[in-house]
Amino acid sequence: MNLTMNTFSRRTLLAAPLLSFAAAAPPAPYGALPSPRQLRWHEMEFYTFLHFTTNTFTDKEWGYGDESPSMFNPTAFDADAIVKALKAGGATATILTCKHHDGYCLWPTKTTEHCVRNSSWMNGKGDVVRAISDAARRHGLKFGVYLSPWDRNNPNYGKADYVKIYREQLRELLTQYGDIYEVWHDGANGGDGFYGGAREKRTIDKHTYYDWPTTWELVRSLQPNAVIFSDVGPDIRWVGNEKGFANETSWATYDPVGVNGDAAAPGYTRSKEGLTGHRNGSKWLPAECDVSIRKGWFWHEKENNTVKQPRELMDLYYKSVGRGASFLLNIPPDRRGLLHELDVKALAGFGDAVRATFAKNLAAKAKLKASNVRSGSSAKNLLDGNRATYWSTDDAVKTAEVTIDLGHAATFNVIRIREAIQFGQRIDAVAIDQWKDGAWSQFAEATSIGNCRLIRTPANITASRLRLRVTQAAACPVLSEFGVYLESGV
Ligand code: FUL
Ligand code: CA
């Protein structure tokens, strides 16, 4: 076996100079580039939040921090049932509120008594973080942690000691629960709270108090593959609203700015700029669009009638994933410790619709012809379902087109385009035409492309030939995928 491999690799080595002579060099990268961990995250697209804590039992959105730890007492908690429902919805991962602003820890932490160890649930032997992270792994979902930097229970909040405690909590979460794909740092920081009985208002300096770079280094050292989310990244940015959408034009590159044009900090950014990012920003810092399936982030009986239906969830999918961002949907467990039936049903309907819509690329067998082809970057690569392979043009060619001959008339209403973002965000605008009555007729256009651009046409289109035109780009375009779909009705 070894012998064969050696012979093979020696041969490959010998052949290598010849091969590289024949194939053109890949395009030079343009602008800020995604890191390998960001590239992996871009493939996840749709994942979920689980907001669950004492608030679920006190009917609050923000606990004050004086809740009795025994309040947390789900009657029929079932992590597998929760994760299975998320999976049916098409989620690739879930992020649990291991600690929300009230400071209650859903795992038996050594850092505070305000945690599940002192709950009546499972006689204090339970660990929600363990149960959800294990179930996630069993069902093939990744797991992420939300650890609120603001802690309305901790007597030390606002003092230097608390930052040490916060990091210790992070260390516990990042060392005891396997692989973590995302660490979520909320921007809501400081204000009134219980603080060990002080019951007062504590404000902190958002720029200096947490010394975020040190915390991020800790995350890097313990979970090098995890992406870190906050208003300022360093890996993923807040989109700037809690409604689940990015702007029609939204760039993956971004340079966060403080509210007054000064330095940015978590909880202190011009949040509207998160919606669009910055063309040619110096950092690759793509947006994550968070929203709850219900009115609030936590489960409340009275909000059972606010559950978003599949059609609305689909809209949000187009406005988040379809604009190069990710879609982070919260589905809060109820007092039983299960997702509510109404939420499960809506989520399943959404998952079915996404799966059905994108199951079949109607252009999969099309014949493609490009106006310019960089050597070794054939337009065929647009149809192989592989984001690593791409169509590109010669360096000097920034506008180009591909005709897509479907071979027969097809009816569709969705187009999906992906840039090979490992080469940066290069394209400013595209247009798409159909061959109609003996001439090309434009039916769609789009700006920023990035990881994924979904174009939904107002009405179904039936055509047998299409044309994709890159109308403006900062460097020769590098597109990895092109797809044509008929949306399944929801
Ligand atoms: C916000 C928090 O204040 C909310 O309670 C929720 O956790 C949301 C995702 O982030 O800033
Ligand atoms: Ca490809």
Side-chain angles (χ1 to χ4, degrees), residues 26 43 47-56 58-65 94-104 106 144-152 182-193 206 229-231 236-244 266-269 271 274 288-300 303 326-333 361 363-364 366 368 370 373-374 376-392 402 404 416-423 449 451-452 468 477-483:
E43 296 202 18
Y47 48 88
T48 51
F49 248 155
L50 294 171
H51 273 66
F52 193 33
T53 192
T54 48
N55 290 345
T56 314
T58 57
D59 224 3
K60 287 187 187 167
E61 276 291 305
W62 281 10
Y64 190 68
T94 196
I95 301 174
L96 174 69
T97 53
C98 301
K99 180 183 86 169
H100 201 252
H101 308 332
D102 49 75
Y104 190 74
L106 293 184
V145 297
Y146 172 122
L147 185 70
S148 170
W150 185 21
D151 189 320
R152 303 174 92 189
E182 178 162 347
V183 178
W184 216 91
H185 301 292
D186 192 82
N189 273 311
D192 62 341
K206 289 177 177 161
F229 164 95
S230 83
D231 295 350
I236 311 297
R237 74 174 190 260
W238 183 43
V239 76
N241 65 46
E242 291 184 337
K243 294 180 174 165
Y268 186 76
T269 53
S271 48
E288 176 182 83
C289 304
D290 60 331
V291 67
S292 184
I293 197 165
R294 306 167 149 246
K295 185 161 177 277
W297 292 99
F298 288 90
W299 180 84
H300 309 286
E303 294 178 0
S326 70
F327 183 18
L328 170 51
L329 180 68
N330 175 60
I331 307 105
N361 179 0
L368 304 186
V373 177
R374 183 185 198 89
S377 312
S378 156
K380 269 191 205 154
N381 292 332
L382 290 169
L383 301 177
D384 63 0
N386 178 355
R387 298 185 198 202
T389 61
Y390 52 84
W391 162 62
S392 186
V402 188
I404 299 127
R416 183 166 70 191
I417 309 170
R418 297 186 190 278
E419 265 184 276
I421 50 175
Q422 60 271 33
F423 296 100
I449 306 298
N451 179 60
C452 176
L468 168 67
V478 194
L479 285 168
S480 66
E481 286 293 300
F482 178 83

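Just so you know, ligand 1 is whichever comes first in the structure, and atom 1 is the first atom listed for that ligand. All values below come from the heavy atoms of this structure, side chains included, with hydrogens, waters and symmetry mates left out.
Around the Ca ion (ligand 2), protein N, O or S atoms at less than 3.0 Å comprise Asn381 O, Asp384 OD1, Asn386 O, Thr389 O, Thr389 OG1, Ser480 O, Glu481 OE2.
Looking only at atom types and distance, the side chain of His51 has no donor-acceptor partner in the side chain of Thr97 under 3.5 Å away. Checked by atom type, the side-chain pair Asn361/Arg416 shows no donor-acceptor distance below 3.5 Å.
Among all heavy-atom pairs drawn from Leu329 and Ser292, the shortest one is CD1-C, 4.1 Å.
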Are there any protein N or O atoms under 3.5 Å from the N or O atoms of ligand 1? List them with distances, or say none.
residue  : atom   : partner : partner atom : Å
ligand 1 : 3 (O)  : Trp62   : NE1          : 3.1
ligand 1 : 3 (O)  : His101  : NE2          : 2.8
ligand 1 : 5 (O)  : Trp62   : NE1          : 3.2
ligand 1 : 5 (O)  : His100  : NE2          : 2.9
ligand 1 : 7 (O)  : His51   : NE2          : 2.7
ligand 1 : 7 (O)  : His100  : NE2          : 3.0
ligand 1 : 7 (O)  : Tyr146  : OH           : 2.8
ligand 1 : 10 (O) : Asp186  : OD1          : 2.8
ligand 1 : 10 (O) : Glu242  : OE2          : 3.4
ligand 1 : 11 (O) : Asp186  : OD1          : 2.8
ligand 1 : 11 (O) : Asp186  : OD2          : 3.1
ligand 1 : 11 (O) : Glu242  : OE2          : 3.4

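A donor-acceptor distance shorter than 3.5 angstrom exists from the side chain of Arg152 to the backbone of Gly63, with no hydrogens or angles considered. Without hydrogens or angle criteria, Asn330 side chain to Trp297 main chain gives a donor-acceptor distance under 3.5 Å.
Aromatic ring centroids of Trp391 and Phe482 lie 6.0 Å or more apart.
With Phe423 as the fixed residue, the side chain to side chain contact (heavy atoms under 4.5 Å, CB included) test singles out one of Pro477, Pro26, Ser480: Pro26.
Partners of Thr54 according to the side chain to side chain donor-acceptor pair (under 3.5 Å) rule, which considers only residues two or more places apart in sequence or in another chain, do not exist here. Qualifying side chain to side chain donor-acceptor pair (under 3.5 Å) partners for Asp102, counting only residues two or more places apart in sequence or in other chains: none.
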